[in-house]
Amino acid sequence: MVGRIVNAIRAITALALVGSIALPHPSPAQTYRGRELVHAEVVANTTAVVPARSFTVGLLLQMAPGWHTYWKFPGDAGIPTEIKWNLPAGWRVGELRWPIPLKLKEPGDIEIYGYHDEVLLTQEITPPAQLAETSVKLAAEASWLVCEKICIPGSASVQLELPVGQTSTAAKSELFGRFARLSPQPWPGDNLSTANWKRSGTNLELALTGPGFDSNSAADFFPIPPPSIVVGHPVIAARAPGRIDFRVPLETSDAGASSIDGLVVLGDKANRRAWTLPASHRVIINSGGSTNPDSSSGGILRFLVLGLLGGFILNLMPCVLPVISLKIFGFVQQAGQSRKRILRSGLAFTAGIFAWFIGLAVVLILLKAAGHQITWAFQFTNPYFVLVMSAVVLVFALNLLGVFEIALPQSASRAVSGWSDHGGEAGSFFQGMFATILATPCTAPYLGAALGFAFTQSSALLLLMFAAIATGMSAPYLILCAEPRWLRFLPRPGPWMSHLKQLMGFLLLATLIFLLSVIGAERGLGAVIWTSCFLLTLSLACWIKGIWLTPVNPAGTRFVAGLVMALLVVTSAAYFLGAKFRATNATSAELTGLGDWKAFTPATLQAELDQGRPVFIDFTAAWCITCKFNEATVLESAAVRDAFRQRGIVKFRADWTNADPEITKMLKQFGRPGVPLYVLYPAGRSSEPIVFPELLTKRIVLDKLETIGPNVAAQ
């Protein structure tokens with residue numbers, strides 16, 4: 001089910017609408033190749049606004065023949081229409097009311113719910129009791145997805161200006177009345193009709209009884225599941241006079257899913273009636289059998305295996321290489337130690353990996369519950385997070401280079417005297433967490449599909465998926481620590497380790513350069529300069545610690561050194577970061593160095609597709625090392641560049657460094673939680689887009705390109 005995502009998003013039209021008093025002007029249309037696809041305007045059922053008296057407004061969408069928009073639950077694919085009002089202070093807006101949708105069948109066993117031809121989405125608006133204005137302007141931002149063989153996002157700024165008066169008359173009565181008759185009605189009540197739910201394995205069973213449920217009329221159930229539940233296609237399981245039984249397949253691991261909201265729809269397309277089935281009118285009957293979905297269910301188990309494999313491969317991805325030094329050096333230090341100590345250190349290292357992944361999952365669950373879009377490695381889209389990580393990496397590097405030593409205070413050392421020297425388990429724990437934080441910008445092969453599935457599931461499954469990824473990433477180190485005899489293949493400890501330790505420090509400085517490049521991409525050159533000034537001051541503070549803040553120095557010297565360090569760090573942070581860094585931003589000149597790539601926007605994408613040109617989109621980010629690896633070794637190689645040029649393919653680079661919301665929307669439509677993502681749109685409106693794997697090779701790209709033009713040999 002999750003794999004059934006709209007895979008032909010082509011473009012977006014965003015045009016402003018200008019209203020006039022009482023009657024709005026028609027909106028500029030959403031067009032594609034010169035054809036009007038969606039005509040949008042906002043209408044009201046009143047000629048004037050009366051203080052404190054509610055009235056109804058509606059977004060009227062008129063679609064071209066054969067095209068459709070989506071209901072509030074789109075089904076297997078699609079995006080529901082959204083309306084965001086910008087009203088004066090003191091105004092209230094009611095819940096969006098959706099007419100009964102159509103159930104539409106599409107190729108590939110895709111089932112969606114939407115509207116053909118025309119739809120009016122209404123809301124009740126209540127003005128305040130006091131209105132000083134002679135007229136009011138009601139403005140909103142509307143967005144939708146319109147589809148036929150391809151899908152094109154559209155949006156518009158709509159507005160309506162109405163006079164303020166003490167009386168008003170009805171307006172647009174025929175239009176509002178027609179769609180009012182298509183609105184679902186409240187459930188009639190259990191004294192007339194009953195709705196009994198039962199969980200049976202991986203299915204929900206709904207039994208409807210009542211005088212209207214005869215055995216001849218058309219009947220259907222349109223589900224409205226919460227985000228944590230993924231449903232299949234409801235079917236009629238049995239019919240009898242006065243009774244209809246529906247079966248709703250579940251594709252979720254939520255064991256507590258025993259019922260869902262929905263519409264009960266009776267009658268054919270020309271004469272339909274529908275009733276809402278909300279929680280307050282349900283009669284829930286739990287089945288006597290197990291309520292857990294089949295643990296061998298192919299879908300969930302397959303994605304968990306992909307998460308496990310993706311976590312393991314994460315150790316081999318380019319984004320992990322700069323921090324692999326911490327892991328290697330830790331194992332070299334442990335060679336020759338007792339088995340118990342090695343195992344404890346390995347378990348602590350693994351606990352650090354799990355702590356980060358589970359903590360990240362909890363944050364994502366909270367964001368999801370608050371209504372935010374959740375994505376993988378979202379923290380790297382925040383320049384302040386990258387700045388903090390830069391400081392942490394620098395401190396670790398200076399420690400490895402011998403500028404100062406990280407050691408616990410004497411009181412803390414006595415408190416953890418049962419641990420290894422200098423709190424070894426604590427050090428291993430934070431090494432595991434630190435290495436994992438720097439690894440999360442990558443979406444390893446197999447990991448993108450697994451995360452895309454998990455982000456649409458219940459909180460329990462999301463936690464389970466992140467636990468699977470953590471297990472896969474930590475497995476090599478757990479195995480090595482559980483069988484320490486394999487450590488004998490590592491060199492014996494000796495003086496060479498001091499030199500290796502310093503080399504690891506330089507590798508961490510390379511990671512720092514990468515993080516500074518991310519800051520530059522997010523906030524511009526000025527941000528890199530002021531961050532470097534702060535890091536230089538931080539380095540000076542670490543040097544002071546290494547010389548004067550040591551146990552061999554007198555207490556007075558240590559006090560003065562600590563005071564100077566604190567003043568340096570606090571004042572430099574306040575000046576360089578609080579005053580200078582905050583005012584920086586990436587300039588347009590810094591963002592245009594794309595070579596033969598074009599900067600992606602929905603409008604420019606639509607313009608190229610309108611001309612019938614093939615298009616390739618590279619969804620990337622400055623902090624995604626996997627993306628940069630693919631670009632340097634594949635996309636910028638001579639063979640691939642020549643192949644793009646020979647076929648006349650227009651290349652777009654969709655930069656997600658700062659979590660652009662339009663790019664986020666497209667990533668979600670392709671079922672991806674983050675970058676990298678590579679999509680090829682062949683020329684021709686009937687062609688399906690081609691999605692590439694996360695890790696590219698020249699052979700993969702050239703083979704895909706061969707499907708839209710003459711053969712190109714790999715070099």
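For the numbers below, each heavy atom of this structure counts, side chains included, while hydrogens, waters and symmetry mates do not.
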For a side-chain contact (heavy atoms from CB on, under 4.5 Å) with Leu677, tell me which candidate from Val691, Asp618, Ile617 qualifies.
Val691
For Leu60, does its backbone N or O pair with a side-chain atom of Gln62 as donor and acceptor, under 3.5 Å?
no
Any chance NZ of Lys103 has more than 12 other-residue heavy atoms, nucleotides or ligands included, within less than 6.0 Å?
yes
Would you call the rings of Phe600 and Phe652 parallel, tilted or perpendicular, where under 30° means parallel and over 60° means perpendicular?
perpendicular
d(Leu605 CG, Ile152 CD1) to nearest 0.5 Å is 9.5 Å
Is the number of heavy atoms from other residues, nucleotides or ligands within 6.0 Å of CD (Glu174) greater than 12?
yes
side-chain hydrogen bond (donor to acceptor under 3.5 Å, both in side chains) between Glu141 and Trp85: does it pass, once the steps are laid out?
CA-CA 6 Å; Glu141 297 292 329; Trp85 287 96; over 6 Å; no
Under the 3.5 angstrom rule, does the side chain of Arg181 hit a backbone N or O of Phe176 as a donor-acceptor pair?
no
For a quick check under 3.5 Å, do Asp76 and His233 share a side-chain donor-acceptor pair by atom type?
yes
Can a donor-acceptor pair be found between the side chains of Trp144 and Ser155 at a distance below 3.5 Å?
no
Passing option when Phe222 is tested against Tyr113, Trp98, Phe73, Phe246 for ring pair (Phe, Tyr, Trp, His ring centres under 6.0 Å)
Tyr113
Should the pair Glu608-Lys598 be classified as a salt bridge under the 4.0 Å nitrogen-to-oxygen rule?
yes
Does the side chain of Thr194 pick up a donor-acceptor pair with the side chain of Thr209 at under 3.5 Å?
yes
Would you call Glu118 and Arg178 a salt bridge, using N to O less than 4.0 angstrom?
yes
Regarding Arg247 and Asp245, does a basic nitrogen lie under 4.0 Å from an acidic carboxylate oxygen?
no
Look at atom NZ of Lys84 and say whether more than 12 heavy atoms of other residues, nucleotides or ligands are closer to it than 6.0 Å.
no
So, Thr126 versus Ser54: side-chain donor-acceptor pair below 3.5 Å or not?
yes
Taking the six-membered ring where the residue is Trp, are the ring centres of Phe616 and Phe692 under 6.0 Å apart?
yes
Test your reading of the model: is there a side-chain donor-acceptor pair from Arg613 to the backbone of Val650, 3.5 Å cut-off?
no
Please check this pair: side chain of Asp261 against backbone of Ile224, looking for a donor-acceptor N/O pair closer than 3.5 Å.
no
Side chain His68, main chain Cys147, donor-acceptor under 3.5 Å:
yes
